[in-house]
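Below is one structure, written out as structure tokens; the observations come after it.
Because the structure is a prediction, the values reported are computed rather than measured. By convention in this document, chain letters (A, B, ...) are assigned in the order of the sequence lines, proteins followed by strands, and residues within each chain are numbered from 1.
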Amino acid sequence: MIETVVDILSWFLLCTGGIFVLIGGIGTLRLPDFYTRLHAASLTETMATILILVGMILQAGLTLATIKLLTIMAFLLLTAPTASYALANAALQSGNSPNAQQRDDQT
Amino acid sequence: MIIVFALFLLTLLVITALAIVQTTNLFVAVMLTSIFSLLMASNFFILDAADVALTEAAVGAGITTVIFLAALMLTTEHEKPHLSRRKLNTVVITILASLIIYATFDKPRLGDPDAPVHQHLAPWYLEKTPEYMDFPNVVTAILGSFRGYDTLGEVFVVFAACIGVLFILGVKPPEGSTYNPYRSGLKHHLIPQVVGRLLIPFLVLFGLYVQFHGEYSPGGGFQAGALIASAIILYALLEGEAAALRAVPRSVLLGLVIGGATLYGGVGVVCILMGGNFLEYTVLLDNPVAAQQTGIILIEAGVGMAVCGALLSIFHAFAARPMRV
């Protein structure tokens, strides 16, 4: 009984994570300028990471794999947002200003 | 299931390769090369070649990208337009491609146990590794002992590459150069700096684990050297060139390169002096199994030192040049 519940929960998390990856991918391709695209990409690397890895932890149960997955999650959650921040910062420094109004004028 | 995933990755690999050829922006090409390496690493992992995957991810996707970017800083971002001889090119490429495709018809199926490569020496290696070395990672056994000459050659190639880069780039920068090693780095970017500082000790620790656990798990000198070098390159990117050189000075780097190559060759010479052949580790100690393990640990240490020192020397040689304005 409890196993079925855990299984369903883990598959729900995995599928939701997959949907988030898909949304992130579509957003990265479709959104208009750099910052909105970065926003879509960072959705993939935070929300989808948490969902997919928690789903995998539920699948693995209390084993060594769980500890490894938790470590991977900790590293990804530390590094991926930092990378997004560094990208956005580099874009800002090189004069790419996040101005939505300006975009409207151009189009 | 795994074959679907492999096909997907291989298709992406082809697309990436075509994109690299197509683009004229070299910055884009470098990024695509990095993606190519990452896909290749995943492919190696699917084929159960974890050792190679680790090397490809650390060197191909990590350090090579940094060195390419450093090279772009010195040159220009756009490919020079060149005179194209399209007809000749097309003919040559068509002939070569059809030859290669024709050659693949004779290739055994993927994973075929009757393929010559699985019948020739591999069974002997698999059989003799537990007997001669008494550790599970056959890749390390082949790399370090059975085919020790090849690895020695690779270490000397790394050594020669390092010397070559230092000869070309190590000359004095032109007069009026604006480069100041104390002003490089991301000192005023707090978040990358804090996170980076947090990660560097773990990267070095993982590198040391890969180095000294190479007999039991995927890894060895090449991977460990690349991992430790990438940790120090990260430090250089965050804290600036000068801080990295204070932590690991140039003399230490050159010492690592020379020491690593000498250690490897020296183990071979010691084997001769103790009455064996070159790189025949069994004569090092009384117990032949322990002697094999000692020899492999020593030469892996030499490989790790040489790779780490060479990668860092090459990185510093690029980073010390004045940037293109």
Please check if the number of heavy atoms outside [X] that lie under 6.0 Å from its [atom1] is greater than 12.
X     : atom1 : value
B/L7  : CG    : yes
B/F45 : CZ    : no
B/F44 : CZ    : yes
A/F34 : CZ    : yes

Residues from residues 205-219 of chain B approaching chain A under 4.5 Å (heavy atoms):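 Checking residues 205-219 of chain B against chain A gives no residue, so none.
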
Looking at residues at least two apart in the chain, or sitting in another chain, which of them share a salt bridge (charged side-chain N to carboxylate O under 4.0 Å, His left out) with A/R37?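 None.
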
If every non-hydrogen atom of A/L78 is compared with every non-hydrogen atom of B/L198, which pair is closest and at what distance?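 Nearest heavy atoms, A/L78 then B/L198: CD1-CD2, 3.7 Å.
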
Hey, are the side chains of A/F75 and B/L199 touching, using non-hydrogen atoms and a 4.5 Å cut-off?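 Yes; the side chains approach each other to less than 4.5 Å.
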
